[in-house]
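Any value given below was found using the heavy atoms of this structure, including those in side chains, with hydrogens, waters and symmetry copies removed. Each chain gets a letter, A, B and so on, in the order its sequence line appears, and its residues count up from 1.
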Amino acid sequence: MRLKATPDHSAPETVFTARSLSKVYIVGELEVRALHDVDLDIYGGEFVVLLGPSGSGKSTLLNILGGLDSPTTGKANWRDHDLVASDEAELTQYRREHVGFVFQFFNLIPSLTALENVALVAEIADDPLDPREALDLVGLADRLGHFPSQLSGGEQQRVAVARAIVKAPDVLLCDEPTGALDYDTGRLVLSTIARANAELGTTTVVITHNSAIAGMADRVLHLAGGSIARIERNPHRLAAEEIHW
Amino acid sequence: MSLLDIKLARELVSMRAQVLAIALVVGAGIAVFVASISTFYSLEASQSRFYDKSRFPNVFVTVKRAPLSIVPRLEAIPGVATIEPRIVEEVIVDWPGSRLPVSARMISLSDKHGALSRLHLRKGSAPTPGSTDEIAIGEAFAEANKVEPGGTLRAILNGRLKDFRITGIALSPEYVQTLRPGVYIPDDKFFAVAWIDREAAEGAFDMEGAFNDAVIRLAPGADASRVIEDLDRLLEPYGSVGAIERRDQPSHRFVEDELEQQRVTSITVPFVFFGVAAFLVNIALSRLVLAQREQIATLKALGYPTLPLGLHYFKLVVVIVTIGSILGLAGGYLFGHAMVLSYRNFVRFPVLDFEVTGWSLVVGIAISLAAASLGIFTAMRSVVALKPAVAMRPEAPIRFRRGVLDFLAPNGSPRAKMILRHIAGRPLQTALTTLGIAFAVPMVVLGLFWRDSVDYMMDVQFNLIERGNAVVSFSESVDADIIRDLKREHGIMKVEGQRYVPVRLRAGQRTYLTSIIGLHEGGELRVPRDLDLRPIEPAPDGITLSKRLAQRLDVALGDEITVEVMEGERRKVDVPVASIVEEMLGMSSYMEIGALNKLTGEGDVVSAAALYIEPSAIGPVSERFKSLPVIESASMKAYSIAMFFDKIAGLVLVSGAILTGFAVIIAVGVVYTSARIRYQERARELASLRVLGFTREDVSQLLFTEFMIVIAIGIPIGLVLSQYAVDLIARLHTNESFQVPAVIEPRTFTLAALIVLLTGLVSTYALRRQVYALDLVAVLKTRE
Ligand SMILES: Nc1ncnc2c1ncn2[C@@H]1O[C@H](COP(=O)(O)OP(=O)(O)OP(=O)(O)O)[C@@H](O)[C@H]1O
Ligand SMILES: [Mg+2]
């Protein structure tokens with residue numbers, strides 16, 4: 001992996017700030033509070049894990065941070081980008097220049113091969129990695145020419161991870177990147193993400209149900225019922241190879 | 001090649017049937033548009049080229065006999081550029097093979113430089129100046145009778161037979177369409193236009209130093225009506241019946257009318273065809289894009305701006321429209337060519353070729369492109385308006401509503417309920433599919449209904465109004481005794497005398513040159529019909545106008561119009577409009593014959609007779625007509641009907657048949673695309689059903705039943721729309737030679753419905769194969 005100028009970790013700078021974030025879905029007569037009054041700061045180069053039961057609002061929070069969704073009320077910023085007030089074009093530019101995303105449902109383009117799906121993002125990135133290299137990092141060097149429908153769920157997920165890291169983003173947002181993966185492949189993917197975080201200084205937020213992964217994080221945010229119930233700080237981050245589940 | 005282009009290329013290949021179906025609809029729209037407009041311009045260009053080259057006159061005048069010495073005074077009228085005095089006479093021709101009397105209009109030719117109405121020779125040469133026995137004849141007669149230069153034409157001149165040697169076959173701008181006055185169906189076989197040298201004409205008709213007809217070309221900017229006033233004043237003493245402008249010249253009027261009709265066709269038919277095609281393409285593409293909603297959202301989430309994505313789908317549009325344009329140009333060329341060909345034996349221009357009008361192609365492509373782009377634009381906008389986080393999720397599941405349609409199957413099986421709830425569950429998609437099918441129906445009806453229209457027209461004209469089977473016209477008005485004589489002829493069962501008086505009808509600024517037909521009260525062989533087709537009597541104290549003539553003059557029942565008689569004493573009389581009648585062919589007017597004769601100041605005279613001849617005696621009676629010098633021409637209904645089908649109706653039916661072809665293409669395209677998109681929108685659902693244990697047969701039956709229900713709703717809506725479409729087209733297509741009745745027979749409705757149903761069956765059958773090939777795992781594994 002090529003190295004970029006790494007920011008100085010010693011004096012952490014706040015990159016994400018969220019204040020009083022709320023998201024309410026109205027389904028018929030029912031109000032679903034996906035997020036409730038969330039305050040949050042995430043520092044540059046930090047590795048954050050979001051833990052919480054299903055339906056606790058993890059994806060919703062991540063989507064707002066990624067500029068994919070907007071809160072019902074509250075504020076969210078990435079550096080000097082206002083993620084709430086920005087219009088569609090500004091959000092698009094934000095995502096394009098700064099964010100790498102691994103979606104919970106992969107969302108690959110069915111008519112493009114694995115390599116092409118990754119190259120699709122490289123095409124619009126400023127200084128991307130080689131798409132082959134990105135796929136090699138997730139262990140798919142031999143499946144470049146395969147279409148999503150010819151790949152297993154886990155393989156599709158790894159293509160999605162490769163697609164997220166290929167642009168060497170400033171922010172990497174991953175929604176259950178290992179949900180469909182076996183132990184070894186899961187560790188491979190996690191270490192790839194961790195390397196991006198460590199070597200490129202990519203601010204990384206990972207959603208998972210697997211609390212073992214929390215060991216890799218600088219901080220672990222526990223969500224419950226749309227609020228941050230607890231924040232845990234890891235004095236010693238574990239490497240991907242060191243964690244077991 | 002960018003990756004999005006690769007995506008596009010692959011999708012084009014995998015959606016090829018759909019792409020082709022939409023391109024076909026685009027192509028059919030463009031074809032009809034280009035063909036109609038280009039046919040109009042081709043005709044118009046041929047006309048104006050011919051008029052220019054042959055120096056078609058602006059003003060026409062007929063007199064009894066005037067000395068050539070007056071010509072310089074006519075030439076001196078301000079505004080007159082060239083005047084050409086001529087001798088024009090109707091003669092009876094002794095044509096050996098003919099079953100019926102043949103007549104000819106002989107026109108003297110001038111060899112002066114700069115002559116007007118110059119002949120265009122098709123074969124042979126013009127009569128040599130000074131020759132007294134050479135003649136050129138019109139192409140229509142020559143073709144109908146297979147005459148070649150070198151043949152002979154024997155005419156009866158002043159009671160003596162005279163043989164002319166045919167030197168050439170020619171066209172004249174005055175006879176682009178050879179219709180005798182008062183006749184609306186060409187009878188090329190029995191009426192010839194012929195040209196002889198001026199000297200020959202002088203000798204033959206005792207017209208030395210005289211003329212009885214003149215054509216005039218105006219100086220640029222001259223006021224025709226002022227010139228006509230002067231002409232009429234100077235020529236009145238010589239028996240002028242009044243000069244006429246081009247617009248009243250029969251051939252010109254006919255051609256203009258035909259052009260006008262073609263112009264209307266070139267706007268209305270494509271308007272309907274193209275409008276619907278564009279609309280359907282719009283819907284198809286917007287649904288195509290919507291089906292990719294999750295992909296678009298993902299690309300947006302990955303940071304693709306809207307513009308390149310829009311461009312990506314625009315390329316899809318460009319590919320489809322390009323294929324459509326190529327098909328459309330080819331189809332339009334063939335269609336236009338066929339139309340021009342069928343015009344060729346109908347209006348005779350020296351050159352009548354089909355040329356594609358450049359701008360029509362450009363506009364056609366632009367409209368298609370715009371309609372298709374609008375389709376993707378609206379779809380893109382609706383996708384982009386959603387937050388990517390929302391749009392990326394699979395589309396919200398159907399909101400099944402209990403009860404919306406459940407009443408249709410109160411005790412139905414769960415499966416029946418499922419079908420009904422699916423239909424009600426996506427009301428917009430269901431509505432669009434239904435609408436697509438509904439619109440396919442009027443397309444087909446618009447192609448098919450011409451046949452009904454023509455049948456109806458024939459039935460009204462030839463069964464209800466003209467009830468005899470022959471009409472003879474006399475060389476001049478003769479004493480009514482002739483009717484008694486004719487009645488005595490063997491084989492003639494009924495005879496009714498008629499009087500045709502050439503008139504100019506005037507109502508305010510509007511005028512129309514026509515004939516009044518005088519009929520006896522209680523007549524049975526020509527029965528004018530009111531607008532409800534009930535027989536009515538010609539009123540003794542007023543004039544009866546055909547509906548279109550009344551419209552042309554902008555008069556209603558009870559209004560006064562001025563009748564200017566164009567023969568004899570040229571009286572002018574104001575008469576009220578006594579009744580308005582339905583008339584399919586021509587623009588007739590009627591009066592009671594006694595009143596008409598009083599109006600012209602004549603006694604009990606007739607100029608024509610309607611006959612009913614015993615069918616078995618038609619042969620001998622026709623022969624007999626040839627030997628009666630008083631009979632100038634005779635027309636047999638059977639022949640008129642044949643000619644009508646051959647010429648006027650032929651043209652209509654040819655284009656109708658071709659339109660039907662395009663309509664079926666559009667129907668196939670629309671129905672297939674609708675079915676395909678509906679399937680695509682539901683592929684995941686169907687796959688899930690399969691996973692739950694439904695068999696392929698179950699699933700394809702489900703799809704089939706659902707689509708058939710949509711078709712069953714769409715077709716009746718389409719049938720109702722058809723009536724509106726046909727009314728519109730018929731209203732715009734009514735012209736002088738005939739009107740298009742907005743009649744749709746049940747057989748046409750049935751056929752149109754069957755065609756659409758059939759395309760539906762074929763389309764769902766094609767989908768059945770897709771259902772069978774449905775790769776469950778692939779569908780469920782990938783999220784589109
Ligand atoms: N479009 C929507 N309409 C209605 N409710 C929604 C919608 N999206 C999410 N929700 C609700 O908001 C809440 C939070 O959803 P979110 O997707 O953030 O959960 P999550 O923590 O990511 O869960 P999981 O671990 O299962 O992915 C859930 O109760 C969910 O049902
Ligand atoms: Mg989630």
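- Using a 4.5 Å heavy-atom threshold, the side chains of Met380(B) and Tyr313(B) count as touching.
- Neither the backbone nor the side chain of Leu8(B) comes within less than 4.5 Å of any heavy atom in chain A.
- In this pair, Tyr94(A) and His98(A) present their aromatic rings tilted. The plane angle is within the 30 to 60° band.
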Go through the steps to decide whether Ser111(A) and Glu11(B) satisfy the test side chain to side chain donor-acceptor pair (under 3.5 Å), and finish with yes or no. CA-CA 7 Å; Ser111(A) 51; Glu11(B) 284 169 358; 3.3 Å; yes
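- The environment of Tyr304(B) atom OH is dense: over 12 non-hydrogen atoms of other residues, nucleotides or ligands sit within 6.0 angstrom.
- Looking at Thr60(A), neither its backbone nor its side chain comes within 4.5 Å of chain B, counting heavy atoms on both sides.
- Between Asp175(A) and Lys58(A), no side-chain nitrogen of the basic residue sits less than 4.0 Å from a carboxylate oxygen of the acidic one, so the salt-bridge criterion is not met.
- Around the CG atom of Asp126(A), the shell of radius 6.0 Å holds no more than 12 heavy atoms that belong to other residues, nucleotides or ligands.
- The interface of residues 114-122 of chain A with chain B, defined by heavy-atom distances below 4.5 Å, comprises Glu116(A), Ala119(A), Leu120(A), Val121(A).
- A cation-pi arrangement is present between Lys23(A) and Tyr25(A) under the rule of less than 6.0 angstrom and at most 45 degrees off the ring axis.
- Looking at Leu91(A), the atoms closer than 4.5 Å to chain B (heavy atoms on both sides) all sit in the side chain, from C-beta outward.
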